[in-house]
Amino acid sequence: MPGVVVSQHSGEGKANQYYMRGFNLDRGTDITITVANVPVNMPSHAHGQGYADANFLIPEIISGVQYRKGPYYADEGDFSSAGAVNVNYLNLLDQPVALVQAGMFGYQRALVAASRVGDGFLLFALEGTRNEGPWEQSDDYRRLNAVLRYSAGRTAQRLQHHGNGLRRELALDRSDSAACRRRRNDLALRPHRLQRRRLDVALFALRRLAAQLYDALDLFSNFTYFLDDPVNGDQFEHKEDRLAFGFDASHRWLAGAAENVIGIQGRRDDIDDIGLHHTVRRERLSTIRQGDVLQTSVAAYAQNSMQWSSRARTLSGVRFDRYSFDVDNTRTASLVSPKLSVILGPWRNSELYLNAGGGFHSNDARGGEEVTPLARTKRAEIGMRSTLMPRLHLTAALWGLHIASELVFVGDAGTTEAGRPSRRTGVELNASYGARDWLLFDAQYAY
């Protein structure tokens, strides 16, 4: 994704940090990540709002990545103010894959993947990784990913298991460690696909049984060592067990020069024993905060794409979201978000566009009464896309984004940190040139 930076701090074994269009997106606060239309972001997570751990991805079976920047699309909801990413998996491999890799710092990786054709397409992949890391004491990082995907006709089902283990034997606190487990089962249906109409339904589930999706985290960290507690040290534990399920259904049809989409989405997260604990050598001394969270969201949206002439088209939509947060008591919040894009051209293989729209991000359910449950965002941008020659593509954009509030739940302290409203502006330039079928030059500038 042009203009996106992904980094990691304090060792592996947890979600990355993302940077995009003026944001330090932390673990995924304002960037939506989905894999085969199943959400990766975790609301009200023990280690940060919108936590998006993509360590379960296996690059060799990815078929493509689609990305959007900004809250201009009605089917994108929570966490999409900066952008949205959807990663798709292959249904069929050209040939089986067997791979062994080794590198510096004790890096080792093995992969086997294969597919077969029968009544449908069956894809299997198994990946194992270990990495000691560039430290005086070994990270002893271990990862296991397994994917089983079956697709036939208009139906696709995937079972996936992911496990991360990290024992950070650091010189100052050798008991720091992390472990996360994730199982997901999703089902995609396309029961009707007529010439001018299409119905799509996607279901996902996270449960404790291996046949469904389940997400768990147990993370021990110590960033300040003996600053706050000179006797026992400052190690703390983040822990949660999460069950979640949801759906995404849409109906698309053509009417003259217009394409219309209506859809509904829903999600329910049942989080047990989400907590922050003071620990020493991974043994609990005291509990700073602990409890259960039940969070439910439903959304409905409508979108219209209209070709007014050979050089003018529009994309307009509206989205309605309603949330319910149940911690110590139940709170609800609703939000309506309009969207509009105007595209003019092409003229000499160039077109201009103007985007404007509203979005939001949800705040951690544990924030309390003083926290706005849904923080509204407003964004607009003007840009140009151009193909100056068959292999040279250029884009330029000037954008602005306003957020009503940035209230952050600080997982490391168990408290809510109130931030001011913010306004961000920026410019982004991208160029790509395919010199040969096998050689691509790509340049990006973002300020």
Side-chain angles (χ1 to χ4, degrees), residues 15 17-33 39-52 68-85 265 267 269 271 274 293-301 317-327 329-339 355-381 399-411 413-426:
Q17 286 183 270
Y18 307 92
Y19 306 84
M20 177 182 177
R21 288 203 165 182
F23 273 99
N24 175 353
L25 296 166
D26 195 35
R27 308 297 178 187
T29 308
D30 285 282
I31 182 170
T32 298
I33 301 177
V40 177
N41 301 72
M42 296 294 170
S44 301
H45 190 271
H47 197 58
Q49 177 69 347
Y51 189 83
R68 297 167 168 177
K69 296 186 178 182
Y72 309 126
Y73 304 91
D75 57 340
E76 303 288 359
D78 201 1
F79 310 125
S80 63
S81 294
V85 188
Q265 298 168 339
R267 175 170 177 169
D269 288 74
I271 314 167
I274 180 171
V293 173
L294 184 62
Q295 180 169 323
T296 306
S297 65
V298 292
Y301 65 88
V318 64
R319 179 183 178 91
F320 171 78
D321 288 271
R322 182 172 179 82
Y323 276 67
S324 172
F325 306 90
D326 187 355
V327 187
N329 52 33
T330 301
R331 294 189 300 157
T332 60
S334 302
L335 200 64
V336 176
S337 306
K339 327 274 185 176
N355 296 333
F360 71 97
H361 67 234
S362 63
N363 283 313
D364 195 292
R366 298 167 291 167
E369 296 292 338
E370 70 278 7
V371 172
T372 304
L374 305 179
R376 183 183 293 275
T377 62
K378 299 176 182 178
R379 183 162 177 169
E381 76 178 80
W399 58 268
L401 172 66
H402 177 266
I403 297 183
S405 66
E406 295 196 59
L407 299 169
V408 179
F409 185 84
V410 184
T415 60
T416 299
E417 188 176 88
R420 298 171 295 172
S422 68
R423 182 166 57 249
R424 292 170 166 85
T425 57

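The structure displayed is predicted, hence computed values, not measured ones. Worth knowing before you read on, the calculation uses all heavy atoms, side chains too, and leaves out hydrogens, waters and symmetry mates.
- Taking the six-membered ring where the residue is Trp, Y51 and H47 present perpendicular rings, their angle passing 60° and hence far from 30°.
- Residues Q295 and P43 approach most closely at NE2-CB, 3.4 Å, considering heavy atoms.
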Problem set entry | side chain to side chain contact (heavy atoms under 4.5 Å, CB included) between K378 and R376, worked out | CA-CA 7 Å; K378 299 176 182 178; R376 183 183 293 275; 4.0 Å; yes
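- Nearest heavy atom pair, residue G28 against residue F79, reads O-CB, 4.0 Å.
- A salt bridge links R21 with E381: the distance from a Lys NZ or Arg NE/NH1/NH2 to an Asp or Glu carboxylate oxygen falls below 4.0 Å.
- Residues R379 and T377 have side chains that never bring a donor and an acceptor to within less than 3.5 angstrom of each other.
- When side chains are defined from C-beta on, T32 does not count as touching P39, because their heavy atoms never get closer than 4.5 Å.
- Considering CG of L374 and OG of S362, their distance stands at 6.5 Å, rounded to 0.5 Å.
- Here Y72 contributes atom OH and S80 contributes atom OG; the two are 11.0 Å apart, rounded to the nearest 0.5 Å.
- Atom CZ of R424 sits about 10.0 Å away from atom OG of S81, to the nearest 0.5 Å.
- Remark: D78 CG to T29 OG1 distance equals 10.0 Å, nearest 0.5 Å.
- Across A299 and D321, no two heavy atoms sit closer than the pair CB-OD1, 3.3 Å.
- Atom-to-atom distance recorded for Y18:OH and N24:CG is 12.0 Å, nearest 0.5 angstrom.
- Across all non-hydrogen atoms, the minimal contact from A46 to I274 is N-CD1, 3.6 Å.
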For this session: Could you please spell out the steps behind the side chain to side chain contact (heavy atoms under 4.5 Å, CB included) verdict for M42 and R27?
Result: CA-CA 10 Å; M42 296 294 170; R27 308 297 178 187; over 6 Å; no
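- With sequence neighbours excluded, no residue forms a side chain to side chain donor-acceptor pair (under 3.5 Å) with S297.
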Problem set entry | D75 and R68: CA distance, side-chain angles, deciding distance, side chain to side chain contact (heavy atoms under 4.5 Å, CB included) verdict | CA-CA 11 Å; D75 57 340; R68 297 167 168 177; 2.8 Å; yes
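- A distance-only check finds no donor-acceptor pair linking the side chain of D30 to the backbone of L25 [under 3.5 Å].
- Once rounded to the nearest 0.5 Å, the distance linking CZ of F360 with CD1 of I403 reads 13.0 Å.
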Exercise. How far apart are the C-alpha atoms of K339 and Y73, what are their side-chain angles, what is the distance that settles it, and do they pass the side chain to side chain contact (heavy atoms under 4.5 Å, CB included) test?
Worked result: CA-CA 7 Å; K339 327 274 185 176; Y73 304 91; over 6 Å; no
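- Not one N or O on the side chain of Q17 forms a donor-acceptor pair closer than 3.5 Å with the backbone of D26.
- Counting only heavy atoms from C-beta outward, the side chains of V293 and D269 never approach each other to under 4.5 Å.
- Shown here for R322 and S334, the closest heavy-atom pair between the two residues is NH1-OG, 2.8 Å.
- Of all the heavy atoms in L335 and G359, the pair that sits closest is CD2-O, 4.1 Å.
- You'll find the side chain of P373 stays beyond 4.5 Å of the side chain of Y323, heavy atoms only.
- In terms of the side chain to side chain donor-acceptor pair (under 3.5 Å) criterion, R331 has no residue partners (sequence neighbours excluded).
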